[in-house]
Amino acid sequence: MAVTPLTKKSEARPAPRLTCTWVAVRGDGGRTRMEMRWVEQAAPRSTRSAA
């Protein structure tokens with residue numbers, strides 16, 4: 001039986017954390033609308049409420 005040593009947390013690269021959040025999207029007509037999108041890191045609360 002082979003034993004594999006565990007890697008340290010600093011060596012392991014965690015996957016980016018996906019979060020579903022509201023994002024402002026500018027359409028073809030120049031109008032801005034809000035859409036729910038998956039982003040790697042959510043914007044701070046103040047940024048989301050300002051949009």
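Numbers here are sequence positions counted from 1. Since the structure is predicted, the reported quantities are computational estimates derived from the model, not experimental observations.
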4.5 Å side-chain heavy-atom contact, Leu18 and Val39:
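No; the side chains remain at least 4.5 Å from each other.
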
Under 4.5 Å side-chain heavy-atom separation, chaining through any Ile, Leu, Val, Met, Phe, Trp or Tyr, what else clusters with Val3? Say none if it is isolated.
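In the cluster with Val3 there is nothing else; it is isolated.
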
Name the atoms and distances for all side-chain donor-acceptor pairs under 3.5 Å in residues 28-36, with sequence neighbours left out.
| from | atom 1 | to | atom 2 | distance (Å) |
| --- | --- | --- | --- | --- |
| Arg33 | NE | Glu35 | OE2 | 3.0 |
| Arg33 | NH2 | Glu35 | OE2 | 2.8 |
| Glu35 | OE1 | Arg37 | NE | 3.1 |
| Glu35 | OE1 | Arg37 | NH2 | 2.9 |

